[in-house]
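Notes follow the structure.
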Amino acid sequence: MNYDHREVEGKILAGQKKGHDFFCDVNNSQKKFYSLGMFPYPSGNAHMGHVLVYTLSDIKARFKKLKGHEVLHPMGWDAFGLPAENAAIKHKVRPDSWTVSNIAKMKNEQLSGEGWSFDWDKELNTSSPEYYRWTQWLFLEMLKANMAYKKAGYVNWCPVDQTVLANEQVINGCCYRDGAAVEKRLMDQWFFKITAYAPKLWDDLDKLTHWATEAVAVQRNWINKNIGSNIDFKVKELDETIRVFTTRADTLFGVCAVVIAPEHPLVQKILAKHPSPEIKSYVETALKKSQVERMQSKEKTGIKTAVKCQHPFPEFATAKEVNVWIGDYVIGDYGTGAVMCVPGHDTRDFEFAQKFNLPVYEVILPKNHTSQGSLKEPFTELGTLVNSGPYSNLSSQQAIEKITHDLVARGHGEATTTFQLRDWSVGRQRFWGCPIPIIYCDKCGTVPVPEKDLPVVLPIARDSDMEDGILNLRQFKDFINTKCPTCHGPAKRETDTLDTFLCSSWYAFRFIDNKNAQKPFDSARVNKWMPVDFYVGGIEHAAQHMIYFRFITKFLKDRGYVNFDEPVDYFFCNGMVGKDGAKMSKSKGNIVVPTEIIENYGGDALRFYILSDTPAELDRDWDDKGIKAKQEFIKKNFNNLSAYLSTVTNIKPNRGDLSKFKYQELLFDLFGGLAQLEEQLEKNLFNNAVAKVHELSNSLLRIVNTAKDLADSDHATLKSLIEDYLVSIGVLLPFTAEALLKEYFGETRCLYKSTWPIIEKQYLVRDTINIAVQINGKKRALIEIKKNASETEALTVAMNDADVQRNIEGKTVIKKIYVPGKIVNIVIKD
RNA sequence: GCCCAGGUGGCGAAAUUGGCAGACGCACCAGACUUAGGAUCUGGCACCGUGAGGUAUGGAGGUUCAAGUCCUCUCCUGGGCACCA
């Protein structure tokens with residue numbers, strides 16, 4: 001047989017389609033393993049990123065299956081979202097047809113030749129009514145728990161996509177998709193109260209010990225817990241209070257102004273009392289400014305109001321009363337949307353004060369320093385208080401505690417914790433998404449669609465619906481006009497659809513019970529199969545998807561549907577696959593297409609190459625020479641093993657008495673190598689596993705190619721060792737391994753259902769070992785000693801070594817160290 | 001500014017608890033077989049040095065019999081967050 005990857009792989013694939021090879025029995029959860037790669041968006045184009053992700057989930061799945069686990073390795077489609085809608089508008093294809101044909105293309109043509117062990121029985125599609133019915137159910141659960149609400153608020157508006165964006169979709173003030181500058185707009189929006197879970201999401205980060213550290217860091221950054229104080233400044237004139245948030249209550253006596261955000265509710269009240277065209281115009285301009293503009297203008301802007309507020313400790317304060325300013329450097333929805341301006345000890349406040357000539361008070365001194373009189377720049381670190389009445393001379397830490405305590409006593413403040421995490425805006429003004437199950441009735445108000453009426457089915461978009469280049473649920477009168485579930489009078493449906501991140505926030509649960517028509521999933525079953533044991537995906541999903549996934553899990557737990565806190569035990573962040581030092585992209589023309597690679601080199605070569613050399617968590621650069629070498633490695637194995645195996649077809653593989661086997665060295669190499677391969681697969685050191693397969697192959701082929709005139713018993717042993725080798729490397733090279741097993745070993749089963757070889761541990765050690773002899777820490781000789789050599793024996797061998805003798809000649813030996821089995825170190829001096 | 005990950009041959013990288021630095025592969029060099037080689041096989045390959053030997057894991061110190069690995073300081077690269085009070 002001469003290796004031809006098309007023939008070998010084609011045969012195996014053809015066999016798989018007939019069988020049910022990768023079926024997971026979810027009722028068998030005694031020893032379960034859930035391996036999951038983040039499911040793809042069905043764009044119709046599989047790329048190398050997909051190849052890496054699913055090869056990783058597949059290696060893990062195959063390995064665990066051989067080790068005796070019941071393995072769930074499912075695949076599905078994150079099928080709602082903008083591209084389908086854009087394609088619809090551009091090419092006048094129905095989004096549902098576009099999606100369905102892309103799924104078929106990806107499933108049958110693009111994601112099939114890599115030898116992945118997906119259980120297609122568990123397939124799901126988030127855009128199918130069978131699935132999104134339960135996404136709607138989840139929305140209703142949120143509503144029931146008072147966790148979903150609609151409010152008018154400033155939202156991120158993308159002028160290009162004509163839609164609202166979540167905070168997570170705004171990158172540096174621009175839309176994550178098209179880079180357009182995001183505007184602020186006041187709109188009615190549905191939100192999920194994820195902030196209610198901020199403390200849990202924060203605290204439980206400590207439980208994520210098996211997550212990629214950078215992913216945890218991203219989450220920490222995003223939730224960003226700040227411990228501080230809320231402090232009230234009374235506005236007597238308006239009988240109002242401005243509450244500011246600060247982490248530095250110790251700087252309270254350095255306040256020169258209170259600055260509120262343009263969005264702050266008090267702005268309108270101030271304007272009502274003191275109408276001012278200047279203020280009105282400043283606020284309007286600030287609100288209209290996009291986030292980019294607000295961030296990019298380095299210069300501080302602001303405007304003084306006619307209103308003053310009172311220091312909570314007027315008796316000790318230098319400024320007993322300070323002006324209220326409006327400044328757009330204050331963020332409306334962080335903290336209380338108001339800050340105390342302490343120019344002496346905060347960089348931004350300092351810039352603000354410089355710009356508007358506000359007084360700078362020095363109230364914190366660096367440790368062991370005296371007053372500088374006037375501050376040239378803000379001192380923002382902790383220190384010792386000064387000019388702070390009775391709090392002077394306290395350390396910052398002491399003062400934060402004492403001042404906050406005293407504020408509470410006066411009713412002027414409280415200790416508090418603030419999170420940067422904002423509520424999740426889940427509504428999208430988009431057609432191709434999960435309809436929000438809400439009906440608006442003039443009589444009854446906002447009425448949730450009763451559960452029995454789910455799903456609220458998305459209407460079918462016909463060509464005529466897309467004529468104006470717009471596709472929106474508002475166009476579908478039959479959809480909008482409905483009856484109120486409560487009073488049965490005429491009513492209208494919600495026309496916003498749900499953020500696709502909601503669809504993907506619970507899909508891992510549904511895989512476990514994807515055909516359930518009564519419930520989103522069976523709780524007992526999900527409790528057995530979750531959390532996901534191995535979750536693979538890019539770091540780019542560490543913020544949004546992973547936060548929502550965690551949030552929904554915690555929410556479902558509180559609602560009694562699941563009994564675990566965290567959905568993912570092990571989160572593996574794969575690196576990116578680039579070419580020529582750059583990200584693959586159409587414009588650069590450096591895209592490597594997986595299907596073409598499979599056609600030219602084979603699926604096994606692709607799998608083997610994509611895991612080789614670079615650790616899977618790091619970015620890698622595609623190299624055509626690399627995959628060529630892998631193809632040749634596979635070919636060499638296939639041809640050489642075939643050549644030997646075809647000469648011993650009449651001999652049954654049988655380990656027999658290994659101690660009598662002719663090639664004792666092979667036993668050491670093979671069992672040792674397999675033990676290491678096992679450990680590397682366990683620890684996700686995939687590039688090392690590839691190297692180990694190379695080593696195993698080198699050892700085995702050396703023997704196989706020279707095996708002549710052997711006794712039948714030696715042939716039987718060798719053949720059995722080859723079988724073990726094939727089963728284990730089949731985790732990485734399933735086609736090649738399975739083809740040889742079926743051809744020469746009478747194997748009829750799928751390789752997936754085989755078992756990991758038994759490793760004979762007694763062959764992992766040799767009778768004698770080579771250890772290095774160091775002199776003053778430098779290697780000078782290599783000696784051979786018995787495995788169990790005593791210290792005296794080892795040192796004697798070392799001291800008698802010619803190289804050692806030469807090096808210590810004429811010197812005084814001070815100390816001799818023997819670390820059993822490791823090293824000898826002789827310390828000498830002149 | 002804050003957070004995270006890294007820095008080891010020409011390249012991608014290996015290296016249990018500190019214990020022979022460079023596994024495995026790419027590229028390269030030499031040879032064999034070939035009409036041919038972008039096929040295959042054999043050997044070589046950190047650096048300096050003819051050699052003995054010396055020098056090497058970003059840099060500087062330290063701990064230790066022994067440091068890529070531990071400690072202190074420092075430089076550089078990549079990534080994330082960011083007027084978040």
Side-chain angles (χ1 to χ4, degrees), chain A residues 171-173 212-222 224 226 228-229 244-248 251 259 261 294-301 327-342 345-349 351-352 380 418-422 539-540 542-543 573 576 608-609 612-615 617-621 623-630 632-633 635-636 639 676 679 683 685 687-698 705 770-783 806 814-828:
Chain A
I171 315 291
N172 288 326
T213 51
E214 67 267 38
V216 179
V218 164
Q219 295 236 337
R220 208 173 287 279
N221 226 325
W222 201 262
N224 193 23
N226 265 311
S229 319
V244 304
F245 171 73
T246 181
T247 55
R248 293 295 301 273
T251 64
V259 188
R294 233 167 115 167
M295 270 166 23
Q296 274 173 353
S297 57
K298 288 177 189 94
E299 190 100 346
K300 293 278 178 293
T301 66
D328 70 0
Y329 79 99
V330 179
I331 293 171
D333 56 358
Y334 180 72
T336 57
V339 300
M340 56 185 204
C341 183
V342 184
H345 306 287
D346 181 277
T347 317
R348 297 145 303 181
D349 295 346
E351 285 167 17
F352 191 73
T380 58
T418 295
F419 294 89
Q420 195 169 312
L421 187 72
R422 313 289 157 83
I539 184 74
E540 69 273 16
C573 280
M576 291 208 304
F608 207 47
Y609 170 69
S612 68
D613 301 328
T614 305
E617 48 271 71
L618 302 183
D619 289 347
R620 70 177 49 243
D621 209 61
D623 176 11
D624 288 329
K625 282 183 179 139
I627 187 150
K628 178 85 184 132
K630 294 308 177 208
E632 273 153 17
F633 170 84
K635 191 173 175 181
K636 182 171 75 177
N639 289 344
Q676 288 166 39
E679 190 185 344
K683 291 184 176 169
L685 306 171
N687 57 324
N688 292 6
V690 170
K692 196 53 68 184
V693 171
H694 272 278
E695 283 184 53
L696 282 166
S697 163
N698 290 343
N705 289 337
N770 293 318
I771 65 167
V773 180
Q774 297 181 331
I775 291 168
N776 286 354
K778 291 204 164 145
K779 182 190 165 190
R780 294 297 178 193
L782 203 59
I783 57 169
R806 201 160 39 78
I814 298 173
K815 199 172 179 183
K816 293 184 241 176
I817 293 151
Y818 172 59
V819 182
K822 296 250 167 96
I823 209 158
V824 172
N825 195 6
I826 297 163
V827 186
I828 59 169

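All chains are named by letter (A, B, ...) in the order of the sequence lines, taking the proteins before the strands, and each is independently numbered beginning at 1.
Residue Asp619(A) is classed as having no contact, given no heavy-atom separation below 4.0 Å to the nucleic acid. At a threshold of 4.0 angstrom between heavy atoms, the contacts of Glu617(A) with the nucleic acid are absent. When heavy atoms are screened at a 4.0 angstrom cut-off, Lys778(A) is found touching the sugar-phosphate backbone but no base atom. Counting any heavy atom pair closer than 4.0 Å across all strands shown, Ser612(A) reaches no nucleic acid atom. Note on Asn776(A): nothing from the nucleic acid sits closer than 4.0 angstrom, heavy atoms only. Counting non-hydrogen atoms under 4.0 angstrom, Val827(A) reaches the backbone sugars and phosphates but no base. Heavy atoms of Lys815(A) sit under 4.0 angstrom from primed sugar atoms or phosphate atoms, though from no base atom. If you check every strand for non-hydrogen atoms under 4.0 Å, Asn688(A) touches sugar and phosphate atoms only.
For the P atoms, the distance linking G7(B) with U57(B) amounts to 14 Å, nearest Å. As rounded to the nearest Å, U40(B) and A27(B) have P atoms that lie 11 Å from one another. The C1' atoms of A39(B) and G49(B) are separated by 39 Å, rounded to the nearest whole Å. With C1' as the reference atom, G51(B) and G58(B) are 32 Å apart, rounded to whole Å. Of the P atoms belonging to G25(B) and G44(B), the separation is 13 Å, rounded to the nearest Å. For the C1' atoms, the distance from A82(B) to G12(B) is 34 Å, rounded to whole Å. Here, G9(B) and A5(B) have their P atoms 22 Å apart, quoted to the whole Å. Going from the C1' atom of G18(B) to that of A66(B) covers 8 Å, rounded to whole Å.
Between Arg220(A) atom CZ and A5(B) atom P there is a gap of 12 Å when expressed in whole angstrom units. As rounded to whole Å, 17 Å separates atom P of C81(B) from atom OH of Tyr334(A). Between Phe608(A) atom CZ and G12(B) atom C1' there is a gap of 15 Å when expressed in whole angstrom units. Rounded to an integer number of Å, the gap from Gln420(A) CD to C83(B) P is 8 Å. Remark: C1' of G12(B) and CZ of Arg620(A) are 9 Å apart, rounded to the nearest angstrom. C65(B) atom C1' lies 8 Å from atom CD of Gln774(A), rounded to whole Å. As a whole-Å value, the separation of Phe419(A) CZ from C81(B) C1' is 17 Å. One can place CD1 of Ile828(A) at 15 Å from C1' of A66(B), the figure rounded to the nearest angstrom.
A syn orientation is assigned to G9(B), its glycosidic angle lying within 90° of 0.
Mapping Ala217(A) and Arg806(A) onto RNA chain B via the closest heavy atom, the residue that lands nearer the 5' end is Ala217(A). Both Lys692(A) and Ile539(A) lie near RNA chain B, and the one whose nearest nucleotide falls closer to the 5' end is Lys692(A).
Pair assignment for A5(B): U77(B), on the basis of Watson-Crick or G-U wobble contacts that are both within less than 3.5 Å. A13(B) makes up no base pair with any nucleotide shown, lacking Watson-Crick or G-U wobble contacts both under 3.5 Å. Nucleotide A30(B) forms a pair with U42(B), judged by Watson-Crick or G-U wobble geometry with both contacts under 3.5 Å. C70(B) is paired with G62(B) under the Watson-Crick or G-U wobble criterion, all donor-acceptor distances under 3.5 Å.
Distances were taken from every side-chain heavy atom of Asn221(A) (C-beta onward) to each of G25(B), G80(B), A14(B); the shortest belongs to G80(B). Counting only heavy atoms from C-beta on, Glu695(A) has its side chain closest to C24(B) among C83(B), C24(B), C20(B). Checked against C41(B), C20(B), A13(B), the side chain of Asn770(A) finds its nearest nucleotide in C20(B). Among the nucleotides C81(B), C83(B), C26(B), the one closest to any side-chain atom of Asp623(A) is C26(B). Each of C41(B), U40(B), C24(B) was ranked by its minimum atom distance to the side chain of Glu632(A); first place goes to U40(B). Taking every side-chain heavy atom of Val218(A) into account, G80(B) is the closest of G19(B), G80(B), C20(B). Looking at the side chain of Lys625(A), the nearest of the listed nucleotides A27(B), C20(B), A15(B) is A27(B). Picking from C83(B), A14(B), G25(B) the nucleotide with the shortest atom distance to the side chain of Glu351(A) gives C83(B).
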inquiry  = With side chain to side chain contact (heavy atoms under 4.5 Å, CB included) as the criterion, how do Asn687(A) and Asp613(A) come out once you've worked through the C-alpha distance, each side chain's angles and the decisive distance to 0.1 Å?
reply    = CA-CA 5 Å; Asn687(A) 57 324; Asp613(A) 301 328; 5.7 Å; no
request  = Show your working on side chain to side chain contact (heavy atoms under 4.5 Å, CB included) between Tyr609(A) and Val690(A) and close with a plain yes or no.
outcome  = CA-CA 8 Å; Tyr609(A) 170 69; Val690(A) 170; over 6 Å; no
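Heavy atoms only, all atoms of each residue included: Ala772(A) and Ile823(A) are closest at O-CG1, 3.5 Å. The shortest heavy-atom contact between Ala261(A) and Ile331(A) is CB-C, 4.1 Å. In plain terms, the two heavy atoms of Met340(A) and Asp349(A) that are nearest each other are O-OD2, 3.4 Å.
A donor N or O paired with an acceptor N or O is found under 3.5 Å between the base of C83(B) and the side-chain atoms of Lys300(A). In the interface, the side chain of Asn825(A) is paired with the base of C65(B) through a donor and an acceptor atom under 3.5 Å apart.
Here Asp333(A) pairs with Arg422(A) in a salt bridge; the nearest charged N to carboxylate O distance falls below 4.0 Å. A salt bridge is defined here as a Lys NZ or Arg NE, NH1 or NH2 lying under 4.0 Å from an Asp or Glu carboxylate O, and Lys628(A) with Glu632(A) meets this definition.
Geometrically, Lys300(A) does not engage Phe352(A) in a cation-pi contact, judged by NZ or CZ lying under 6.0 Å from the ring centre and within 45° of the ring axis.
In this structure a side-chain-to-backbone donor-acceptor pair under 3.5 Å is missing from Asp346(A) to Cys341(A).
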